[in-house]
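Below, each value reflects all heavy atoms present in this structure, side chains not excepted, and no hydrogens, waters or symmetry copies.
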Amino acid sequence: MLWGTIGQNQVLGPVIFQGLGPGPGNGVTAQRYMDQVLHPHVLPFFQAHANWVFQHDNARPHTARATQDLLHRSGIQVMPWPALSPDMNPIEQCWDLLQTQLNRVVPRPTTVADLDRGVRQAWTNIPRQASNTLVRSMHRRCQAVIDANGGHTRY
């Protein structure tokens with residue numbers, strides 16, 4: 001499981017979640033999200049960029065009371081994300097760009113350590129122009145959903 005975020009001329013991540021495994025409670029929990037993403041990456045970033053708005057979706061680790069409380073106490077403004085909304089988050093296209101970059105890694109990763117290095121290299125190689133274009137598309141994405149009355153859009 002990976003986490004990353006993009007902003008205008010900014011990227012954070014990738015974070016490759018640690019401590020995951022099979023079975024209930026071994027996935028990305030609110031505590032893992034806070035420990036591995038929010039505390040080491042998001043909070044310091046937003047201390048330096050106070051007027052920015054943080055956007056994540058309605059995944060359980062994001063909507064957990066502990067997560068919401070931490071972001072609120074830290075003064076981080078979070079973009080409202082309606083339940084059952086279309087997934088128009090530009091990070092989804094960024095993951096596609098990551099996959100394209102990862103497919104170019106030579107030699108192909110054959111171990112977890114190789115994959116870790118490959119993902120980090122691929123993330124670094126995503127052109128800033130591409131992620132900036134995705135960030136700038138957010139207004140158009142929102143307007144498209146409004147125009148479609150919540151229905152299907154090209155995003």
Novice: Just so I know, are the side chains of V105 and V119 near enough to count as touching, which here means a heavy-atom distance under 4.5 Å?
Specialist: no
Novice: Is there a side-chain contact between L2 and I16 in this structure, where contact means two heavy atoms from C-beta onward sitting under 4.5 Å apart?
Specialist: yes
Novice: To the nearest 0.5 Å, what is the distance between CD (Q36) and CH2 (W3)?
Specialist: 12.0 Å
Novice: Short question: side chain of S137, backbone of L134 - any donor-acceptor pair under 3.5 Å?
Specialist: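 Yes; at least one donor-acceptor contact below 3.5 Å.
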Novice: Just so I know, are the side chains of V11 and R128 near enough to count as touching, which here means a heavy-atom distance under 4.5 Å?
Specialist: yes
Novice: Report the residues that fulfil ring pair (Phe, Tyr, Trp, His ring centres under 6.0 Å) with H49, sequence neighbours left out, ordered by chain and then residue number.
Specialist: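 Only F45, W52 meet the ring pair (Phe, Tyr, Trp, His ring centres under 6.0 Å) criterion with H49.
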Novice: OG1 of T133 to CD1 of I6: how many Å apart, nearest 0.5 Å?
Specialist: 9.5 Å
Novice: In the single-linkage hydrophobic clustering (I, L, V, M, F, W, Y; side-chain heavy atoms under 4.5 Å), do F46 and V53 co-cluster?
Specialist: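 No, because F46 and V53 fall into different hydrophobic clusters, even though each may have its own neighbours under 4.5 Å.
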Novice: Would M79 and L12 show up in the same hydrophobic cluster when neighbours are defined by side-chain heavy atoms closer than 4.5 Å?
Specialist: no
Novice: Can a donor-acceptor pair be found, under 3.5 Å and without considering hydrogens, that links the side chain of Q68 to the backbone of A66?
Specialist: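 Checked: no pair found.
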Novice: Excluding sequence neighbours, so at least two apart, what forms ring pair (Phe, Tyr, Trp, His ring centres under 6.0 Å) with W95?
Specialist: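 With sequence neighbours excluded, W95 shows a ring pair (Phe, Tyr, Trp, His ring centres under 6.0 Å) to W123, given in chain and number order.
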Novice: Once salt bridge (Lys or Arg N to Asp or Glu O under 4.0 Å) is applied, do any residues pair with R117, and if so which ones, sequence neighbours excluded?
Specialist: D114
Novice: Can you measure from NE2 (H56) to OG1 (T67) and round to the nearest 0.5 angstrom?
Specialist: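 So the gap between those two atoms works out to 7.0 Å.
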Novice: If you count heavy atoms of other groups shown closer than 6.0 angstrom to CZ of R60, is the number above 12?
Specialist: no
Novice: Please confirm whether the backbone N or O of W81 pairs with a side-chain atom of D57, one donor and one acceptor, at under 3.5 Å?
Specialist: no
Novice: When clusters are formed by joining ILVMFWY residues with side-chain heavy atoms under 4.5 Å apart, either directly or through shared neighbours, do I91 and V42 land in the same one?
Specialist: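 Different clusters: I91 never reaches V42 through Ile, Leu, Val, Met, Phe, Trp or Tyr contacts under 4.5 Å.
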Novice: Looking at SG of C94 and CD of Q99, how far apart are the two atoms once the value is rounded to the nearest 0.5 Å?
Specialist: 12.5 Å
Novice: Would you kindly confirm whether I126 and L115 end up in one hydrophobic cluster when ILVMFWY residues are joined by side chain heavy atoms under 4.5 Å apart?
Specialist: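 Both belong to a single hydrophobic cluster.
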Novice: Is it possible for you to say whether V15 and I76 belong to one hydrophobic cluster, with membership spreading through side-chain heavy-atom contacts below 4.5 Å?
Specialist: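 Result: yes, single cluster for both.
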Novice: Who passes side-chain contact (heavy atoms from CB on, under 4.5 Å) against R108, sequence neighbours left out?
Specialist: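 For R108 the side-chain contact (heavy atoms from CB on, under 4.5 Å) partners, ignoring immediate neighbours, are N103.
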Novice: Roughly how far, to the nearest 0.5 Å, is OG1 of T153 from CD1 of I146?
Specialist: 11.5 Å
Novice: Of all residues at least two apart in sequence or in a different chain, which pass the salt bridge (Lys or Arg N to Asp or Glu O under 4.0 Å) check with R120?
Specialist: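 By the salt bridge (Lys or Arg N to Asp or Glu O under 4.0 Å) rule, R120 matches D116.
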Novice: Looking at Q8, is its backbone amide N or carbonyl O close enough to the side chain of N132 to form a donor-acceptor pair, meaning the two atoms are under 3.5 Å apart?
Specialist: no
Novice: List for me each residue that meets side-chain contact (heavy atoms from CB on, under 4.5 Å) alongside H39, sequence neighbours excluded, and say none if there are none.
Specialist: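 Residues passing side-chain contact (heavy atoms from CB on, under 4.5 Å) with H39: M34, D35, L43, L70.
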Novice: State the CG-CG distance between L97 and L102, to the nearest 0.5 angstrom.
Specialist: 12.5 Å
Novice: Answer yes or no: is there a donor N or O on one side and an acceptor on the other, between the side chain of R32 and the main chain of G19, under 3.5 Å?
Specialist: yes
